[in-house]
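Encoded as structure tokens, the structure appears first; notes follow it.
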Amino acid sequence: MEQPNILLTDQVAVITGGGGGIGRAIALAYASVGANVVIADIIPERCEETVARALQLGVRALGVPTDVSDTGQVAALVEAAANHFGRLDILVNNAGTSIRKPPETYTATEWHAVLDTNLTGAFLCSQGAHPVMRQSGGGKIINIGSMFALFGSAYAAPYAASKGALVQLTKSLAAAWANDNIQVNAVLPGWIDTELTRDARQQVAGLHERVLARTPAGRWGVPEDLAGIAVFLASPASDFVTGAAIPVDGGFSAMG
């Protein structure tokens, strides 16, 4: 029986929000199995840090500071990846942001700031990557959603709305681009210890204790907990998986 192939040797992966947290963990996981990586992050210094760590793993790496809500910058990102490496095989839409406050207090500007990054940014990057992937014979798109695609959030309504919509975008793109041999899937992280969730713990009283009480695994996740599923969904082992939304949450969403 043929063994599943999870190597990404000489593949080219673009990771948005790749300067830290989950994005950096995924980028380094890809590099560890042979992929060349393009690190897109709104903060240039974070791009440089992840690129340096990827180069230590023996692959090629490129940093492209990018605001994914900006159509021109997204086009420049895709062009830079294609020109530098000659192809684009994997796109991870990980860039995200949140503003935490009661829903009745959001301004329209705050609402759009979250949706433009989390949802529109993923769409723009996917749309930009599509023709390059199609020309190469196919590709993989992995959207980093959230368990708030499954639950509501009393203090992060735009974030939850964006992540719920991202799952529907995932399914729509999977259906639209299957004939181009492009698989599109979503990963739904649970409570992962990142800069974003550290802010949440400071802003939401009792959050840390409630997360531990509900999570069967009995701990917060770490960014590296996303590495395995991200490599699988980027590899030939997942060629018949598309349109899926997979929780990685230590069992949090399995609890009633």
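A heavy-atom distance below 4.5 Å is found between the side chains of Cys125 and Leu91. Within the 4.5 Å cutoff, the side chain of Ser153 has no heavy atoms near those of the Tyr159 side chain. The closest side-chain heavy-atom distance from Arg198 to Asp193 is below 4.5 Å. The closest side-chain heavy-atom distance from Val68 to Gln73 is not below 4.5 Å.
Aromatic ring centres of Trp191 and Phe151 lie farther apart than the 6.0 Å criterion allows.
In terms of heavy-atom proximity, Ala40 sits nearest to Thr66 at CB-OG1, 3.9 Å. Between Leu173 and Ser126, the closest heavy-atom pair is CD1-CB, 3.7 Å. Taking each heavy atom of Ile144 and Leu166 in turn, the nearest pair found is O-CD2, 3.6 Å. Looking at every heavy atom in both residues, Ala227 comes nearest to Ala29 through CB-CB, 3.6 Å.
Side chain of Thr120 to backbone of Thr117: no donor-acceptor contact under 3.5 angstrom is found. Proximity of a side-chain donor or acceptor of Ser238 to a complementary backbone N or O of Leu233 within less than 3.5 Å is detected. No donor-acceptor distance shorter than 3.5 angstrom exists from the side chain of Ser69 to the backbone of Gly121, with no hydrogens or angles considered. Under a 3.5 Å cut-off, the side chain of Thr215 and the backbone N or O of Gly218 do not form any donor-acceptor pair. Looking at Asp225, its side chain does come within 3.5 Å of a backbone N or O of Val222 through a donor-acceptor pair. Listed for the Asp41 side chain is a donor-acceptor partner under 3.5 Å among the backbone atoms of Gly19.
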Can you check side chain to side chain contact (heavy atoms under 4.5 Å, CB included) on Ile22 and Ile192, steps first, answer last? CA-CA 8 Å; Ile22 290 172; Ile192 309 298; 4.2 Å; yes
Side chain to side chain contact (heavy atoms under 4.5 Å, CB included) between Asn185 and Val241, intermediate numbers included: CA-CA 8 Å; Asn185 292 288; Val241 180; 3.6 Å; yes
Side chain to side chain contact (heavy atoms under 4.5 Å, CB included) between Ile246 and Leu188: does it pass, once the steps are laid out? CA-CA 6 Å; Ile246 304 170; Leu188 310 182; over 6 Å; no
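Classified by interplanar angle (parallel below 30°, tilted 30° to 60°, perpendicular above 60°), the ring pair Phe148/Tyr155 is perpendicular.
Within the model, atoms CD1 of Ile141 and CD of Gln127 stand 10.5 Å from one another, a figure rounded to the nearest 0.5 Å. Taking CE from Met133 and CG from Asp180, the interatomic distance works out to 11.0 Å, rounded to the nearest 0.5 Å. Rounding to the nearest 0.5 Å gives a distance of 10.5 Å between CZ of Phe252 and CG of Leu212.
Enclosure of atom CG in Asn179 is not indicated, since only 12 or fewer non-hydrogen atoms of other residues, nucleotides or ligands lie within 6.0 angstrom. Crowding of Arg53 atom CZ: a count of heavy atoms from other residues, nucleotides or ligands under 6.0 Å not exceeding 12. Atom CD of Glu110 is surrounded by more than 12 heavy atoms from other residues, nucleotides or ligands within 6.0 Å.
Of the charged side-chain nitrogens involved, none lies within less than 4.0 Å of a carboxylate oxygen, so that Asp10 and Arg60 do not count as a salt-bridged pair. With respect to the salt-bridge test (charged N to carboxylate O, under 4.0 angstrom), the residues Asp89 and Lys140 do not qualify. One finds no salt bridge joining Arg214 and Asp249 here, because no Lys/Arg side-chain nitrogen approaches an Asp/Glu carboxylate oxygen to under 4.0 Å.
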